[in-house]
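Working notes, beginning with the structure itself.
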2 protein chains.
Amino acid sequence: MSQQRQGSTPGNTGAVPAFPDLPEATIARLPEYLRALHNLAETGSETVSSEGLAAAAGVNSAKLRKDLSHLGSYGTRGVGYDVALLIDQIEYILGLDQRRAVALVGVGNLGHALAGYDGFASRGFRIVALFDADPEQVGQALNGLTVRHVEELGRAVVEEGITIGVIATPAGAAQAVADDLVAAGVTSILNFAPCVLAVPAGVDVRKVDLAIELQILSFHEHRKASLTALPGGRSPQAGNQEAVGS
Amino acid sequence: MSQQRQGSTPGNTGAVPAFPDLPEATIARLPEYLRALHNLAETGSETVSSEGLAAAAGVNSAKLRKDLSHLGSYGTRGVGYDVALLIDQIEYILGLDQRRAVALVGVGNLGHALAGYDGFASRGFRIVALFDADPEQVGQALNGLTVRHVEELGRAVVEEGITIGVIATPAGAAQAVADDLVAAGVTSILNFAPCVLAVPAGVDVRKVDLAIELQILSFHEHRKASLTALPGGRSPQAGNQEAVGS
DNA sequence: AGGCGCTTGTGAAGGCGTGCACAAATCGCG
DNA sequence: CGCGATTTGTGCACGCCTTCACAAGCGCCT
């Protein structure tokens with residue numbers, strides 16, 4: 001979708017290797033590799049083979065090698081990958097070395113959980129501001145932060161250096177919040193509201209809809225049920241043997 | 001990843017149209033279409049053009065037509081799609097006509113939110129049982145349900161006719177819970193724990209990792225920042241103009 | 001020093017998904 | 001009754017992603 005080339009002339013050997021334009025599919029897997037690598041580092045492993053890391057991340061080993069080769073990886077043939085080095089590489093590529101400030105809008109049911117989710121902090125993300133439109137919610141303390149009114153969003157984004165916005169509002173309010181975030185200069189949005197957001201070019205939106213995942217599972221349940229019921233479907237060997245990619 | 005064929009012989013014209021084996025990418029979009037259709041139905045629309053529905057769902061109209069054609073859709077040329085009929089079709093395909101019983105394991109931070117998330121009930125999913133391993137949590141009432149100890153999981157799954165399990169435990173406990181679910185006969189799992197689950201063939205696992213989504217956004221932030229900083233990257237026109245596919 | 005086993009990195013092939021562009025079909029109106 | 005406007009359904013080509021298979025490289029052991 002973005003085939004513009006980089007300024008990296010062939011033979012470029014600068015200290016910072018320009019910016020590699022990785023396939024989107026590869027990017028989506030890097031966080032999983034990173035998690036597996038952290039686990040390995042905790043167990044004391046200094047190197048991993050592509051086979052071992054692939055197993056820990058739940059992917060094909062060839063795919064993992066190709067992914068890592070895209071970011072000019074430093075593996076050693078006959079040995080494997082240096083765990084610590086690879087962690088640094090991937091964290092640099094993902095921009096996790098600079099801790100990112102996140103704003104969370106909507107502290108309802110889901111927002112509460114997100115505000116307290118420790119999986120964010122442990123990956124280098126820090127929620128620095130909470131907002132809500134409901135006066136009932138405004139003012140309450142939550143995880144060390146005070147919920148502010150959504151009108152203050154614009155100012156806070158600039159003052160706190162926020163680069164990522166998380167929308168956990170009802171669907172009806174999501175577009176207005178997105179507009180506010182974009183107006184304030186946020187260029188990355190994680191949307192939990194079940195609706196499509198319209199944003200200008202240059203702004204990235206990722207959507208997570210919990211109900212959609214269940215519906216996809218429901219489809220497979222339905223399919224499996226109809227197969228076992230049919231005379232033709234004799235062996236229940238359908239389905240994927242491993243986690244389905246997101 | 002699963003190229004085994006279905007038992008649907010070509011020329012099959014049974015009353016129930018065997019089971020269409022839809023592309024995985026299509027299945028993942030059907031819930032989004034369904035949501036858009038429900039919105040349209042509420043506004044009183046009786047028919048939609050592929051163009052209109054595609055806009056509401058945030059996809060290309062050609063893609064939408066191809067998706068719908070896969071499930072042998074009933075559109076009328078020159079007119080569009082019958083909203084009510086299409087809703088029924090998609091809900092049947094997704095197996096949403098039969099309300100599915102869901103078990104939720106782990107009522108910590110995230111589990112609490114999931115238990116109270118009304119987006120599930122409105123799509124035909126009903127959480128009928130809550131479990132946790134922490135004695136502190138067991139016994140508490142949550143959304144009209146009492147949290148039970150995870151040891152009772154196996155019995156409850158059978159008694160309550162549970163077909164889908166949701167894992168919202170810490171990573172360390174997830175595999176054991178998955179094993180219990182599978183042993184009890186559950187064949188669909190939605191995993192929120194940040195780890196890879198090993199399950200036998202025939203069991204579908206979908207994974208949602210909130211932190212991974214943020215890391216992908218972080219990558220794009222990093223990329224955008226390095227582009228604007230580079231002398232070559234003059235126009236900030238990079239990025240996708242619409243929501244990024246999950 | 002030489003050979004052997006192991007592992008990475010990659011060329012090539014195949015499959016899947018996307019999007020264009022157009023033929024086929026339906027409705028409404030004169 | 002026929003014609004034009006409109007919209008679906010789909011053949012086709014293109015590009016991305018995955019996977020296999022193997023050459024290239026590295027370390028260790030003799």
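Sequence lines set the chain letters: A, B, ... in the order given, protein chains first and strands last, and positions in each chain run from 1.
- When the side-chain nitrogen and oxygen atoms of B:Ser50 are compared with OP1 and OP2 of D:dT8, one or more of them lie within a distance under 4.0 Å.
- Counting only N and O atoms by type, the side chains of A:Ser188 and B:Glu221 include a donor and acceptor under 3.5 Å apart.
- If you take CG of B:Leu86 and P of D:dG9, they are 10 Å apart, rounded to a whole angstrom.
- Comparing atom distances between the B:Arg65 side chain and each of C:dT8, D:dC26, D:dT10 picks out D:dT10 as nearest.
- Here D:dG11 presents its P atom at 10 Å from NE2 of B:His70, a figure rounded to the nearest Å.
- One donor-acceptor pair, N or O on each side, does fall under 3.5 Å between the base of C:dT8 and the side chain of A:Arg77.
- Ranked by how close their nearest DNA chain D nucleotide is to the 5' end, A:Asp67 and B:Val79 are led by B:Val79.
- You'll find that the side chain of A:Ser69 is closest to C:dG9, out of D:dT8, C:dC27, C:dG9.
- Rounded to an integer number of Å, the gap from CD of B:Glu46 to C1' of C:dC27 is 16 Å.
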Run A:Leu30 and B:Gln215 through side-chain contact (heavy atoms from CB on, under 4.5 Å) and show every step you take. CA-CA 9 Å; A:Leu30 288 182; B:Gln215 290 174 71; over 6 Å; no
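- Distance CG (A:Leu53) to C1' (C:dC6): 17 Å, rounded to an integer number of Å.
- Nucleotide D:dT19 holds its P atom 13 Å from the CD atom of A:Glu51, rounded to whole Å.
- Of the candidate nucleotides C:dT18, D:dT7, D:dT19, D:dT19 has the atom nearest to the side chain of A:Lys66.
- Checking each of A:Val102, A:Val166, A:Leu114 against A:Phe120 for a side chain to side chain contact (heavy atoms under 4.5 Å, CB included) leaves exactly one that passes, namely A:Leu114.
- Here C:dC20 presents its P atom at 11 Å from NZ of B:Lys63, a figure rounded to the nearest Å.
- Panel note: side chain B:Asn191, backbone B:Cys195; a donor-acceptor pair is recorded below 3.5 Å.
- Each of D:dC17, C:dT10, C:dT18 was ranked by its minimum atom distance to the side chain of A:Ala25; first place goes to D:dC17.
- Applying the 4.0 Å criterion to OP1 and OP2 of D:dT18, one finds that A:Arg29 has a side-chain N or O inside that range.
- The side chain of A:Tyr81 places an N or O atom within less than 4.0 Å of a non-bridging phosphate oxygen (OP1 or OP2) of C:dG9.
- Salt-bridge formation is detected for the pair B:Lys224/A:Asp204: a Lys NZ or Arg NE/NH1/NH2 atom is positioned less than 4.0 Å from an Asp or Glu carboxylate oxygen.
- Rounded to whole Å, the distance from CG on B:Leu68 to C1' on D:dT8 is 10 Å.
- Looking at the side chain of A:Ala62, the nearest of the listed nucleotides D:dC26, C:dA24, D:dC20 is D:dC20.
- Proximity of B:Asn60 to the phosphate of C:dC20: a side-chain N or O atom is located under 4.0 Å from OP1 or OP2.
- Atom C1' of nucleotide C:dG15 and atom CD of B:Glu24 are separated by 15 Å, given to the nearest angstrom.
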